[in-house]
Amino acid sequence: MRQTGAEKTPPYVIVVAAIAAIAGILFGFDTGVISGAILFLQTEFQLSAAMNGVVVSAVLIGALLGAGFSGLFVDIFGRRRLLIVVACIFIVGTVGSALAQSLAMLITTRIIVGVAIGISSFTVPLYISEISPPKYRGMLVTFNQLAITIGILSSYGIDYIFTPSESWRLMFTMGVIPAVILLIGMIFLPESPRWMVLRGWVDKARETLAKVRCNSNIDQEIAEIHASIHQEQRADWRLIFQRWLRPAVWIGLGLAFFQQATGINTIIYYAPTIFKLAGFSSNTVAILATAGVGTANVLFTIVALPLIDRWGRRPLLLTGLTAMIISLTIMGFSFHSTAHSDLLGWLTLGSMVLYIAGFAISLGPIMWLIIAEVFPLEIRGFGTSAMVAASWLFNALVALSFLTLIDTLGAGNTFWLFGLISLLGWVFVRYYIPETKGVSLEHIEDNLRAGKSARQLADS
Ligand code: BGC
């Protein structure tokens with residue numbers, strides 16, 4: 001059942017995946033930009049400590065709402081149409097936050113941006129996975145994660161450029177550019193052929209498949225998609241509680257939990273604070289070290305691109321998690337050391353880069369990918385949206401509790417705690433995660449319906 005032939009990736013499907021992935025740039029940019037802007041927002045709006053937290057986490061709250069409430073829309077209105085609406089929401093939210101005259105307007109517009117991030121965060125992987133040939137699905141869906149990392153890195157760059165002039169409005173405004181490109185691009189992209197078959201638009205689905213496939217049997221693919229549709233079970237969120245769907249739910253929730261609870265965003269959001277804690281005395285070095293972490297994130301995601309379909313999801317997850325466990329253990333030790341010096345700072349930087357490399361080849365891209373692969377067509381939108389909403393919830397919980405954890409447990413123990421969670425993540429992957437490399441979405445669905453366990457969902 002695994003696709004192993006010599007089928008080439010048609011250039012058109014690469015273009016489609018790359019355009020849809022622009023939403024990932026917005027995801028990364030809009031979550032990252034606040035770290036620089038907040039310094040000036042504090043003075044402009046005279047933020048109390050509590051309000052500071054609200055402004056920073058407004059995007060996370062919006063993302064949780066966006067991902068949580070739009071699952072049925074993606075099944076009812078289609079992936080493409082929803083992404084067009086998302087691009088418009090991005091534009092409205094971004095322009096609004098750049099023009100905000102009051103704290104209430106700032107928070108509301110940042111929540112609106114968050115809603116767009118939340119919806120696109122699950123819709124894009126879903127759309128790309130449905131349009132891709134199984135043999136390249138991993139790489140093409142990972143374009144989205146690559147775009148997220150590029151977005152985060154460019155937000156650091158934009159913050160750096162506009163910091164001397166204290167122009168937080170311009171920092172936000174830059175987000176309009178990718179949003180407009182996404183809007184124009186999505187107008188020209190085709191709808192997901194799988195969703196079109198679900199709606200009964202078989203001829204249009206065939207036309208799209210002909211454009212996004214080389215040498216493959218399109219009629220057979222249509223027949224397989226057809227066979228996976230069970231008319232008596234149209235988009236209904238209650239389906240998710242059915243027993244046969246449990247393996248997909250456990251896989252999704254587990255990956256969403258481990259992607260966030262292993263601490264990635266404590267590094268992404270708080271890197272300069274961590275470097276200062278670790279002993280770097282100068283602000284500039286701490287900021288440059290942060291840019292180094294952002295660059296490593298992009299580079300190692302590029303390393304992962306060709307490996308995801310060649311080595312497979314499981315070997316990458318297990319290798320990446322091992323690197324994360326090792327680096328978190330070292331980070332714990334370096335924070336336990338009483339000596340504070342630049343040397344310690346460099347040791348922390350080295351272990352952070354190892355950690356980021358581990359994340360970028362494993363949980364970073366593969367969480368989104370596998371969540372978009374394991375749900376059956378009729379409930380794919382709702383299923384992925386629920387799992388991704390859970391991931392936004394875990395994201396917010398970790399971000400909100402991190403500084404308290406550092407205060408109560410100390411930095412060393414906090415990183416050891418993340419190390420322990422990574423170890424549990426390794427065990428979870430070892431026993432629960434199926435190898436979906438090269439397997440068609442319909443075959444995974446057949447296995448689910450046949451009652452196979454999580455680990456066996458992609459077996460032939
Ligand atoms: C995660 C984000 C994280 C980013 C870092 C994404 O996959 O969901 O929470 O900030 O990766 O690259």
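Numbering of ligands and ligand atoms starts at 1, following listing order.
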Counting from 1, what ligand 1 atoms have a heavy atom of N395 closer than 4.0 Å?
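It comes down to these atoms of ligand 1: 9 (O).
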With heavy-atom distances below 4.0 Å as the criterion, list the atoms of ligand 1 near G364.
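That gives atoms 7 (O) of ligand 1.
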Tell me whether the count of non-hydrogen atoms from other residues, nucleotides or ligands lying under 6.0 Å of OH in Y160 goes above 12.
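Incorrect, the count does not exceed 12.
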Going by salt bridge (Lys or Arg N to Asp or Glu O under 4.0 Å), name the residues that satisfy it together with D159, two or more places apart in sequence or in a different chain.
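Result, salt bridge (Lys or Arg N to Asp or Glu O under 4.0 Å) vs D159: none returned.
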Who are the salt bridge (Lys or Arg N to Asp or Glu O under 4.0 Å) partners of R79, not counting sequence neighbours?
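With neighbours one apart ignored, the set is D75, E130.
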Which residue holds the protein heavy atom closest to atom 10 (O) of ligand 1, what is that atom called, and what is the gap in Å?
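Sorting protein heavy atoms by distance from atom 10 (O) of ligand 1 puts N265 OD1, 2.6 Å first.
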Looking only at protein heavy atoms, identify the closest one to atom 1 (C) of ligand 1 and say how far it is in Å.
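Minimum-distance protein heavy atom for atom 1 (C) of ligand 1 reads Q259 OE1, 3.5 Å.
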For the pair R81 (side chain) and E191 (backbone), establish whether a donor and an acceptor sit closer than 3.5 Å, ignoring hydrogens and angles.
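No; judged by distance alone, with no hydrogens or angles, the pair does not exist.
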Below a 4.0 angstrom heavy-atom separation, can you tell me which part of [X], side chain or backbone, both or neither, approaches ligand 1?
X	answer
T31	neither
N297	side chain
T301	neither
Q145	side chain

May I ask whether M367 places a heavy atom under 4.0 Å from ligand 1?
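Not so, M367 does not reach ligand 1.
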May I ask you to decide whether E44 forms a salt bridge with R169, counting only side-chain N to carboxylate O separations under 4.0 Å?
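Result for this pair is yes, salt bridge flagged.
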Can an N or O of T149 be found at a distance shorter than 3.5 Å from an N or O of ligand 1?
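Min N/O separation from ligand 1 is not below 3.5 Å for T149.
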For a ring pair (Phe, Tyr, Trp, His ring centres under 6.0 Å) with F258, tell me which candidate from F428, F359, F418 qualifies.
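Filter result, single survivor: F428.
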Atom of V33, atom of D30 and distance for their closest heavy-atom approach:
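So the two residues come closest at CG1-O, 3.9 Å.
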